[in-house]
Peer 1: 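This is the structure, below, for whatever I ask next.
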Amino acid sequence: MAWKAAASSPLPGCAVAPCAVSGRGGRPSREVTERVAVIVKLVVQIRLLPTPVQAAALEASLRACNEAATWASQVAFDKDAKKNFALRKRAYREIKSRWGLGAQAAQHVIKKTCDAYAALQANLKVGRLGRPGSKRYRRAAEKPIAFRMESAQPYDDRMLSRQISERRISIWTTAGRVKGVAFTASAEQLATLACYRRGESDLLVRDGMWFLNATCEVPEQPPNTDPVDFLGIDLGIVNIATTSDGEIMAGRELNRIRVRERKLRAKLQRKDTPSARRRLKRRRRKEARRVKDINHKIAKHVVAEAERTARGIALEDLTGIRQRVRRPEQLPQHPRPCVGVVATRGRVNGP
């Protein structure tokens, strides 16, 4: 069995670089030592608790921004203006006057449209949407991108402010600035927001619930470059993770849930009615949330155990796992995402 040693290649948490500061005449007068921290980008999701009036304003703003983005996407497709500056010259004034958006909101709509086309082009280039000329490829490339009415909308610091101690935000809408919107989050999330939030935040709605996804830049902790031993993690399908200490991190209950979900999914797919498709969509989101939660709990436990015992983490090499299993279509929870979660938790917590 192949293993990848997670802590065998030391990555310095910060580098010390001398920087010469010029004095008179451009001559170096002194040296300043700078600490360049390695950053881990995390997304902290907080749930908004708007009143009915506030929720109506947020919904109208989200709808206006996405309608404007769909129109801008048509302009970009027709005029072949898929770069930020080129599309801004053709769409900026119309977006502001027609949908009543502010300057920052209009610019974010244009940038969102350009980013969508850049992502589409990258997916076409690497073959994620089929071979050139295939039906799937042509369906993606030969029509403009359309945005759903509930698609996420980015906000920057000029459109959004937070009072973290009071758990309130002030946010731009098409009806004006809405102040005092309540939100909830865990104590750990609030601390991360207060200390490390940087850049934009995304406003989104899901199943009638409002969320704000904030980008946080957390400094990477220096790794343990001299571990006393390694904690081996065997990743699999029946048991998601098994440690070299003999601890199995999955069980009969989880496998029973997997089988039940697979049977229900097949039953709804055979039915193929509008109601069945709506239920399939809800079940898919629910299963994705369950998988994400399980991977997070396993990764947190593994990193905490390695940190407690001053050991490194060795992960199984998963290359070609879908070819090695007998029935790859029955992989309800691929173990590869767990590897990424373990790596991120290790960089933040420093095992």
Side-chain angles (χ1 to χ4, degrees), residues 43 45 55-156 159 171-175 200-213 269 272-285 288:
V43 175
Q45 185 177 84
L58 293 176
E59 185 177 1
S61 303
L62 209 57
R63 181 176 294 272
C65 289
N66 286 308
E67 285 179 357
T70 300
W71 177 83
S73 174
Q74 183 70 56
V75 173
F77 186 82
D78 293 340
K79 305 293 185 181
D80 194 23
K82 299 173 183 176
K83 299 294 183 181
N84 198 330
F85 184 71
L87 184 57
R88 191 192 312 167
K89 289 196 299 183
R90 292 170 171 83
Y92 178 75
R93 293 183 182 276
E94 179 72 15
I95 289 174
K96 285 189 65 178
S97 60
R98 183 172 172 182
W99 282 279
L101 304 187
Q104 286 301 113
Q107 176 55 36
H108 281 300
V109 165
I110 294 170
K111 184 176 181 298
K112 179 170 77 168
T113 305
C114 295
D115 289 346
Y117 275 109
L120 174 62
Q121 190 61 36
N123 287 328
L124 293 172
K125 185 176 180 180
V126 300
R128 291 197 183 101
L129 297 174
R131 298 178 180 178
S134 66
K135 183 178 179 180
R136 186 183 179 198
Y137 186 98
R138 286 186 285 106
R139 189 166 60 242
E142 295 178 358
K143 65 178 182 179
I145 294 174
F147 293 86
R148 294 176 290 107
M149 290 298 102
E150 64 272 14
S151 296
Q153 175 64 20
Y155 278 70
D156 61 21
M159 304 167 65
I171 188 169
W172 170 89
T173 67
T174 52
E200 298 175 353
S201 301
D202 288 342
L203 176 70
L204 64 148
V205 60
R206 184 177 66 232
D207 298 331
M209 297 179 291
W210 291 91
F211 298 95
L212 204 61
N213 288 350
Q269 286 171 345
D272 197 26
T273 62
S275 175
R277 287 192 289 271
R278 285 195 300 270
R279 290 191 62 187
L280 270 172
K281 189 176 181 180
R282 287 198 299 269
R283 302 303 300 184
R284 183 172 64 249
R285 290 200 297 258

Peer 1: Can you confirm whether Gln121 sits close enough to Lys82 that some side-chain heavy atom of one is under 4.5 Å from a side-chain heavy atom of the other?
Peer 2: no
Peer 1: Hey, are the side chains of Trp210 and Leu62 touching, using non-hydrogen atoms and a 4.5 Å cut-off?
Peer 2: yes
Peer 1: Is there a donor-acceptor contact under 3.5 Å from the side chain of Tyr117 to the main chain of Ala81?
Peer 2: no
Peer 1: Return the minimal non-hydrogen interatomic distance between Tyr155 and Met159, and the atom names on each side.
Peer 2: CD2-CB, 3.6 Å
Peer 1: Would you compute the distance between atom CG of Leu87 and atom CD of Gln107 and round it to the nearest 0.5 angstrom?
Peer 2: 9.0 Å
Peer 1: Under 3.5 Å, is there a donor-acceptor pair between the side chain of Ser73 and the main chain of Ile145?
Peer 2: yes
Peer 1: If you take all heavy atoms of Gly130 and Arg136, which pair is closest and at what distance?
Peer 2: N-NH1, 4.4 Å
Peer 1: How far apart are the closest heavy atoms of Ala68 and Val109, and which atoms are they?
Peer 2: C-CG1, 3.9 Å
Peer 1: Between atom CD1 of Ile171 and atom OG of Ser61, what is the distance when rounded to the nearest 0.5 Å?
Peer 2: 8.0 Å
Peer 1: On a heavy-atom basis, which atom in Asn66 and which in Ala152 lie closest, and how many Å separate them?
Peer 2: OD1-O, 4.5 Å
Peer 1: How long is the straight-line distance from CG of Leu58 back to OG1 of Thr174, given to the nearest 0.5 Å?
Peer 2: 9.5 Å
Peer 1: When rounded to the nearest 0.5 angstrom, what distance separates CG in Leu280 from OG in Ser275?
Peer 2: 10.0 Å
Peer 1: What do you reckon, is CZ of Arg98 surrounded by more than 12 foreign heavy atoms closer than 6.0 Å?
Peer 2: yes
Peer 1: With side chains defined as the heavy atoms from C-beta onward, is the minimum distance between Leu101 and Trp172 less than 4.5 Å?
Peer 2: yes
Peer 1: Using side-chain heavy atoms (C-beta onward) and a distance below 4.5 Å, is His108 in contact with Asp156?
Peer 2: yes
Peer 1: Report yes or no: does Thr70 contribute a side-chain atom to a donor-acceptor pair with the main-chain N or O of Ala146 at less than 3.5 Å?
Peer 2: no
Peer 1: Please examine the side chains of Asp272 and Arg277, heavy atoms only from C-beta on, and report whether any two atoms are closer than 4.5 Å.
Peer 2: yes
Peer 1: Give a yes or no on this: more than 12 heavy atoms of other residues, nucleotides or ligands lie within 6.0 Å of atom CZ of Arg131.
Peer 2: no
Peer 1: So, taking the atom named NZ in Lys89 and the one named CG in Asn84, what distance separates them when rounded to the nearest 0.5 Å?
Peer 2: 12.0 Å
Peer 1: Any side-chain heavy-atom pair from Lys143 and Arg139 closer than 4.5 angstrom?
Peer 2: yes
Peer 1: Taking all atoms of both residues into account, what is the closest heavy-atom pair of Leu129 and Ala140, and its distance?
Peer 2: CD1-CB, 3.7 Å
Peer 1: Could you tell me which non-hydrogen atom of Gln153 sits nearest to which non-hydrogen atom of Ala105, and how far apart they are?
Peer 2: NE2-O, 4.0 Å
Peer 1: Taking the side chain as C-beta and beyond, is there a heavy-atom pair between Val75 and Glu94 under 4.5 Å?
Peer 2: no
Peer 1: Would you compute the distance between atom CZ of Arg279 and atom CZ of Arg284 and round it to the nearest 0.5 angstrom?
Peer 2: 14.0 Å
Peer 1: Are the side chains of Cys65 and Trp99 in contact, using a 4.5 Å heavy-atom criterion?
Peer 2: no
